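Residue numbers count from 1 along this sequence. Quick caveat: nothing in here was measured; it's all calculated off a predicted structure. Only heavy atoms go into these numbers, but all of them, side chains included; no hydrogens, no water, no symmetry mates.
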Amino acid sequence: MAKFIKSSFVEKEWILDNETEFCFVGRSNVGKSSLINSMAKEKIAITSKTPGRTRLVNFFQFKDFRLIDLPGYGFANVGKEKKIELVGIIEKYLTNRINLFGVFQIIDINVFSNEDKVMSNFLKSKFKNYFVIVNKIDKVSKNILNKNIEQIAKIIQIEKENIIPVSSKRNLGINLIFNKISSCLKSISEK
């Protein structure tokens, strides 16, 4: 159903075709790779206990779309020059990629940072198909989950129906991500 295609740091090595792309962007250690593995139902993305391991643009092919995993922002464990380099690659992909049709910003349900807010403002201003995935919902009670989702929706001013609560660890909410992607793909085919 899904497979890893390639990793690349430089734009000239990115895949050039007409495949519709969706991307994951989020802070380091938010669980992007685990989420991709949950979606694929097998391990196709490398996971690590060390934050900030994804430092390349990673391309994954799913049945009807390509999913891109961008380096994490926040980069607690990298030097200043590397931070600037990684911010540059994220910005370049989000700004220049013509295949990109939708963006999923992944946020930890327990840790909402100013960096998340800044990224959200940028993504909302640029993309019609912008969604927020709140990950690691298995770590909170239902009351805290609802309260945190309310807070996130209010802070970043996004409709609650565009917030997707998931747990990659327990495979909760993964179908909701596919539902959003399917709706986006349907809107392309109707044009």
For Ile15 and Lys6, the nearest pair of non-hydrogen atoms, with its separation, is CG1-CD, 3.8 Å
Partner of Asp108 under salt bridge (Lys or Arg N to Asp or Glu O under 4.0 Å), picked from Lys136, Lys32, Lys139, is Lys136
Does a side-chain heavy-atom distance below 4.5 Å link Val118 with Tyr73? no
Separation between CD1 (Ile106) and CD1 (Ile36), nearest 0.5 Å, reads 7.0 Å
Nearest heavy-atom approach of Ser8 to Trp14 is OG-CD1, 3.7 Å
Closest heavy-atom pair, Lys160 versus Ala153, reported as atoms and distance to 0.1 Å, is CG-CB, 3.8 Å
The reported gap from CG in Asn121 to CD1 in Ile155 (rounded to nearest 0.5 angstrom) is 11.5 Å
Identify each donor-acceptor pair in which a side-chain atom of residues 84-95 lies under 3.5 Å from a protein atom, sequence neighbours left out, and give them as a table.
from: Glu85; atom 1: OE1; to: Lys82; atom 2: NZ; distance (Å): 3.1
from: Tyr93; atom 1: OH; to: Glu21; atom 2: OE1; distance (Å): 2.7
from: Thr95; atom 1: OG1; to: Glu91; atom 2: O; distance (Å): 2.7

Taken to the nearest 0.5 Å, the spacing of Gln105 CD from Cys23 SG works out to 10.0 Å
*Flag yes if more than 12 heavy atoms outside Glu161 fall under 6.0 Å of its CD atom; otherwise flag no.*
yes
Rounded to the nearest 0.5 Å, the CD1 atom of Ile144 sits from the CG atom of Asn110 at a distance of 7.5 Å
message: Taking the side chain as everything from C-beta on, heavy atoms only, tell me whether Val103 gets closer than 4.5 Å to Lys126.
response: no
Note to self: Assess the residue pair Asn99 and Thr20 against the criterion (side chain to side chain contact (heavy atoms under 4.5 Å, CB included)); give the C-alpha distance rounded to whole Å, side-chain angles, the decisive distance to 0.1 Å, and a yes or no.
What the structure shows: CA-CA 5 Å; Asn99 299 53; Thr20 302; over 6 Å; no
Q. Around atom NZ of Lys169, are there more than 12 heavy atoms of other residues, nucleotides or ligands at under 6.0 Å?
A. no
Is it the case that the side chain of Asn135 and the backbone of Ile107 share a donor-acceptor pair, with hydrogens and angles ignored and the cut-off at 3.5 Å? no
Given side chain to side chain contact (heavy atoms under 4.5 Å, CB included), test Asn29 with Arg27 step by step and report yes or no.
CA-CA 6 Å; Asn29 204 31; Arg27 267 185 321 101; 5.7 Å; no
- [ ] Please work out whether the ring planes of Phe22 and Phe65 are parallel, tilted or perpendicular, with thresholds of 30° and 60°.
- [x] perpendicular
Here the gap from Phe131 atom CZ to Ile158 atom CD1, rounded to the nearest 0.5 Å, amounts to 8.5 Å
Side-chain contact, heavy-atom cut-off 4.5 Å: Phe62 with Met39? yes
Check your understanding: With distance as the sole test, does Ser33 use its side chain to make a donor-acceptor pair with the main-chain N or O of Ile46 at under 3.5 Å?
Key -> yes
Backbone N/O of Phe4 and side chain of Asn58: donor-acceptor pair under 3.5 Å: no
Donor-acceptor pair, distance only, cut-off 3.5 Å: does the side chain of Ser120 make one with the backbone of Asp116?
no
Problem set entry | Evaluation steps, side chain to side chain contact (heavy atoms under 4.5 Å, CB included), between Tyr130 and Phe122 | CA-CA 10 Å; Tyr130 163 64; Phe122 170 74; over 6 Å; no
Hphob cluster co-occupancy, Ile156 + Val111, side-chain heavy atoms under 4.5 angstrom:
no
To the nearest 0.5 Å, atom CD1 of Ile68 lies from atom CZ of Phe59 at 4.5 Å
(Q) I'd like to check Leu176 versus Val166 (side-chain heavy atoms, cut-off strictly below 4.5 Å). Are they in contact? (A) no
In short, Glu19 meets Asp64 closest at the heavy-atom pair OE1-O, 3.8 Å
Worksheet entry | Working for side chain to side chain contact (heavy atoms under 4.5 Å, CB included), residues Phe112 and Val134 | CA-CA 10 Å; Phe112 183 77; Val134 287; over 6 Å; no
Closest non-hydrogen contact found for Gln157 with Lys124 is O-NZ, 3.6 Å
Tightest non-hydrogen contact, residues Ser7 and Leu56, listed as CB-CD1, 3.5 Å
